[in-house]
Amino acid sequence: MHDAAAALLAGLNPEQRVAVETTEGPLLVLAGAGSGKTRVLTHRIAYLIGVCGIAPESVLAVTFTNKAAGEMRERVEKLLGPGAEGVWLGTFHSTCVRILRRDIGHLGFSRGFAIYDQSDSLALVKEAVRRQGLDPKEVDPRRMEWRIDQWKNAGVGPGPAFDAAADFEAQRAAEVYATYQRLLVDANALDFGDLLLRTVELFERFPEVLRWYRQRWQYLLIDEYQDTNRVQYRLVQQLAAEHRNLCVVGDGDQSVYGWRGADIRNILDFEEDYPNANVVLLERNYRSVQPILEGASGVIAHNVGRKEKRLYTEREGGEKISVFEAADDREEAAFVVREILTAQRGADRSWGQFAIFYRTNAQSRVFEEELLKYNVPHVVVGGVRFYERAEVKDALAWLRLLVNPADAVAVRRVVARPTRGIGRTTLERASSLAAEHEETLVDGLRRFAEQGGARTAKSIRAFLALLERLRDELSGVSTAEALAAVLDRSGYLQALERDGSPEAEARLENLRELLSAADDFGRELAREPDASEERSETELFLDQVALVSDIDTWERRDECVSLMTVHTAKGLEFPIVFVVGLEEGVFPHAGALRNDGGIEEERRLCYVAMTRAMERLVLTSARERHRWGSRTYGIASRFLREIPDDALERPLAGGARVPGDSTLDYSYSQDAEGGDMDDALAPGLRVQHPTFGPGVVLQALGSGAGRKLRIRFERAGVKTIVVRYGNLEIG
DNA sequence: GATCGCAATTTTTTT
DNA sequence: AATTGCGATC
């Protein structure tokens with residue numbers, strides 16, 4: 001027993017030890033970036049089971065991605081050997097699905113409910129807007145969906161939303177919300193927000209059900225607590241209320257999901273919620289060399305209202321942070337790829353040690369092209385997600401419909417492609433018939449066929465017959481077989497093959513990939529026979545597919561450079577990191593600056609990006625870039641200026657690149673004829689004007705003698721000044 | 001009533 | 001640059 005304890009605690013620092021050993025009662029672990037958080041969580045689980053003798057089934061650990069959950073399971077199994085299988089490790093969403101699949105009957109839903117992702121719910125919001133008699137082009141369903149999502153994240157139902165609505169639009173949105181919610185119930189479907197909300201509702205209304213789960217899960221661990229929303233917070237409270245063995249781990253400085261409803265108060269107020277809570281501070285960083293840590297700390301220090309935390313490392317020395325300002329986005333990409341090539345060859349690095357992080361997915365393109373040019377193997381994580389692709393969603397819609405006949409969104413998808421003589425108006429009529437008789441959309445179609453015109457009726461009957469035949473033939477068949485059958489029988493494959501365009505070819509390729517994914521899933525499942533919980537393979541496959549995230553399907557591979565958004569990069573680390581597009585408007589993103597606290601969240605995002613780097617961090621920006629199909633001009637991100645000079649390889653010269661100051665002896669400015677003066681007068685430069693006073697250059701127009709600058713003056717606003725006559729002074 | 005082709009509009013981040 | 005919506009045609 002003591003040997004086991006000693007082995008588990010060996011190699012942990014004193015604070016980490018406390019976090020592992022304090023098994024009883026509420027515990028808050030404030031874990032700075034790279035402070036060995038995952039290590040603490042896994043050792044804690046192993047300690048509970050291996051040393052305290054807690055049954056694995058009594059432990060629930062919740063993480064934010066399936067990938068993190070999987071990794072944790074792997075590491076716990078390594079520590080404990082087999083016997084750790086009983087631990088429930090999952091995301092909030094997968095945990096809720098598991099609970100609801102078991103017990104949602106209490107709420108009047110069938111256990112075969114469908115899970116709607118964002119595009120499914122958007123389709124349903126549109127439908128709700130139409131049902132409200134509103135014009136979809138006047139009310140913008142996406143805005144409505146966003147509002148509804150916000151309400152759901154805050155745990156606010158349609159009724160209270162309406163009562164609290166501050167303006168007309170909010171009121172209207174609340175009405176759409178109510179209709180949308182009814183449509184979801186009709187379709188026997190739950191959206192992402194519902195998965196959490198319904199679980200909380202289930203526990204609230206049926207205390208005996210809650211009691212069962214409370215008794216089962218005696219020890220709770222919640223990772224990334226700073227990213228939980230109000231509903232998740234309530235769920236945790238419900239589960240922990242009795243035994244109070246609740247360990248939450250997080251870092252307020254890494255809260256980057258405020259826009260998704262994450263409420264930073266959850267972690268800030270933990271000690272008030274649980275007055276006898278123990279608090280452990282993990283401030284020793286094991287990941288990054290000193291300059292990187294210093295640079296990141298310098299940036300985050302600009303946020304107000306945060307818990308002061310001083311990360312330190314014992315990794316003295318190490319390379320300082322490099323900053324490169326490119327003339328445009330192409331040059332930025334060229335620089336990054338050249339850097340990678342040089343380091344890979346010179347320092348014998350594998351491709352997998354490099355990562356490129358950007359603020360928005362759209363930025364990946366230039367980098368992909370450049371990497372392709374030099375044959376650098378790379379993988380883009382995220383972007384257009386595989387399971388979001390139209391053809392994949394179409395194929396899955398068939399499966400969904402076979403599992404859940406009420407799934408109205410699936411019906412609409414399936415009916416539309418390939419075209420089968422059932423159009424918008426037919427569906428419209430069928431839909432209102434269904435509503436009238438409180439039936440499913442398929443029933444509505446059947447009803448319409450009985451009374452409608454001959455041609456349409458024939459089309460509908462053909463579709464219904466197809467559906468029925470598939471349902472008969474495919475019960476009990478494997479998911480892969482069902483998919484293949486469905487694609488063939490519906491004429492979907494044939495339509496694509498007939499098309500023959502390269503685009504159709506790509507779609508076919510994606511469908512083949514989907515088939516092999518289903519096949520893999522089936523094999524995997526066959527290996528763990530007890531995992532099925534009385535649910536069919538196809539049902540389990542659909543659950544998994546609905547809840548996978550971008551990062552879940554990514555795995556660290558030695559032979560690929562990784563490209564991803566900063567959000568996706570959260571939780572990862574790489575030896576060499578490039579954070580690109582550090583310009584005002586891009587990072588920090590213009591859209592984020594509009595709402596309160598937006599800039600602080602952007603800064604935390606920047607902090608997250610920087611702290612991913614272990615050995616070397618390179619930050620780049622571009623003075624000019626292609627955005628939305630045209631050229632835009634940017635000034636260097638304020639975050640660059642917030643990095644202490646000591647942490648930088650070379651101090652920033654007023655935000656502008658002085659000729660020859662490309663940090664790693666790359667200077668290939670493309671406007672070769674532009675002299676020193678032109679280069680120095682780049683966006684971001686601070687200048688003095690005899691009459692307007694101090695200002696910052698926003699944009700350079702033209703070149704040579706006629707060169708003009710757009711300058712934002714502190715007092716006079718934005719003016720355009722001709723350089724030759726303006727008598728500008730730098731500084 | 002379905003389908004095709006053109007035009008306007010869009011992009012922040014995602015379970 | 002690409003997707004979605006709208007209007008005209010079959």
Side-chain angles (χ1 to χ4, degrees), chain A residues 62-69 90-97 115-119 121-123 126 135-137 140-143 145-146 149 152-153 190-196 224 227-229 231-232 255-262 357-366 381-385 387-390 415-429 452-456 459 503 545-552 564-570 581 585-595 598 601-602 604-606 608-609 626-630 632:
Chain A
V62 181
T63 61
F64 260 74
T65 63
N66 295 297
K67 183 182 175 54
T91 63
F92 270 104
H93 294 271
S94 68
T95 305
C96 288
V97 168
I115 300 170
Y116 276 11
D117 69 13
Q118 189 189 4
S119 65
S121 19
L122 182 62
K126 278 184 193 158
D135 187 350
K137 63 173 182 269
D140 189 5
R142 301 169 57 119
R143 257 177 91 87
E145 189 198 19
W146 184 81
D149 191 49
K152 288 198 172 187
N153 289 328
L190 275 69
D191 65 15
F192 285 147
D194 280 349
L195 293 177
L196 307 167
E224 307 276 15
D227 286 332
T228 53
N229 66 29
V231 181
Q232 290 163 331
S255 159
V256 293
Y257 284 105
W259 52 274
R260 203 168 79 182
F357 301 152
Y358 33 80
R359 177 67 237 272
T360 64
N361 282 305
Q363 288 167 257
S364 71
R365 220 188 141 108
V366 213
V381 187
V384 223
R385 282 183 283 289
Y387 289 106
E388 294 275 295
R389 301 203 135 100
V415 154
R417 265 173 303 255
T419 50
R420 54 182 87 248
I422 303 172
R424 218 187 56 215
T425 34
T426 304
L427 278 170
E428 216 53 53
R429 308 265 283 277
R455 207 170 66 195
T456 313
S459 305
E503 206 212 4
V545 155
L547 299 177
V548 285
S549 65
D550 291 332
I551 197 66
D552 293 338
M564 63 188 90
T565 65
V566 181
H567 281 92
T568 307
K570 187 148 176 259
V586 178
F587 196 0
H589 196 276
L593 302 176
R594 280 199 295 270
N595 30 339
E601 182 152 315
E602 292 291 303
R604 290 193 292 269
L605 202 52
C606 183
V608 166
H626 276 290
R627 283 225 284 171
W628 307 307
S630 63
T632 58

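Because only heavy atoms are used, hydrogens play no part in the values below, and waters and symmetry mates are left out as well, while side chains stay in. Letters A, B, ... mirror the listed sequences (proteins, then strands); counts begin at 1.
The nearest whole Å value for the distance from the CH2 atom in W259(A) to the P atom in dT12(B) is 11 Å. The separation between N153(A) atom CG and dT13(B) atom C1' is 14 Å, rounded to whole Å. Protein atom CG of D191(A) is 14 Å distant from nucleotide atom C1' of dT14(B), rounded to whole Å. In this structure, the CG atom of L605(A) is 12 Å from the C1' atom of dT14(B), given to the nearest Å. Rounded to an integer number of Å, the gap from CG of D227(A) to P of dT13(B) is 17 Å. Rounded to a whole Å, the CD atom of Q118(A) is 12 Å from the C1' atom of dT11(B). With rounding to whole Å, D149(A) atom CG is found 13 Å from dT13(B) atom C1'. Remark: P of dT14(B) and CG of D117(A) are 14 Å apart, rounded to the nearest angstrom.
Not one side-chain nitrogen or oxygen of N361(A) sits closer than 4.0 Å to the OP1 or OP2 atom of dT12(B).
Proximity note for T360(A) (side chain, C-beta onward) versus dA2(C), dT12(B), dT14(B): the nearest is dT12(B). Counting only heavy atoms from C-beta on, T568(A) has its side chain closest to dT14(B) among dA1(C), dT11(B), dT14(B). Across dT14(B), dT11(B), dG5(C), the shortest atom-to-atom separation from the side chain of K126(A) is found for dG5(C). When each of dT13(B), dA1(C), dT15(B) is scored by its nearest atom to the side-chain atoms of R365(A), the top-ranked nucleotide is dA1(C).
The residue R604(A) sits apart from the nucleic acid: no heavy atom pair falls under 4.0 Å.
With C1' as the reference atom, dT13(B) and dT4(C) are 22 Å apart, rounded to whole Å. To the nearest whole angstrom, the two P atoms, one in dC6(C) and one in dT11(B), are 15 Å apart.
Comparing L196(A) and R142(A) along DNA chain B, the residue whose closest nucleotide (by nearest heavy atom) sits nearer the 5' end is R142(A). Toward the 5′ end of DNA chain B lies the nearest nucleotide of A362(A), the other residue of the pair R260(A) and A362(A) mapping further downstream.
Contact annotation: the side chain of E224(A) never approaches that of T63(A) to less than 4.5 Å [non-hydrogen atoms, C-beta and beyond]. Annotation: side chain of T360(A) is not in contact with side chain of V586(A) (no heavy-atom distance under 4.5 Å).
Judged by distance alone, with hydrogens and angles left aside, the side-chain atoms of E602(A) form a donor-acceptor pair with the main-chain N or O of H589(A) at under 3.5 Å.
Residues forming a ring pair (Phe, Tyr, Trp, His ring centres under 6.0 Å) with Y257(A) (at least two apart in sequence, or on another chain): W259(A), H567(A). Judged as a side chain to side chain contact (heavy atoms under 4.5 Å, CB included), and not counting sequence neighbours, the contacts of N153(A) are D149(A), N229(A).
Ring-to-base geometry places H589(A) in a stacked arrangement with dT12(B) (centre distance under 5.5 Å, plane angle under 30°). By the criterion of a centre-to-centre distance under 5.5 Å and near-parallel planes under 30°, the ring of F92(A) forms no stack with the base of dT15(B).
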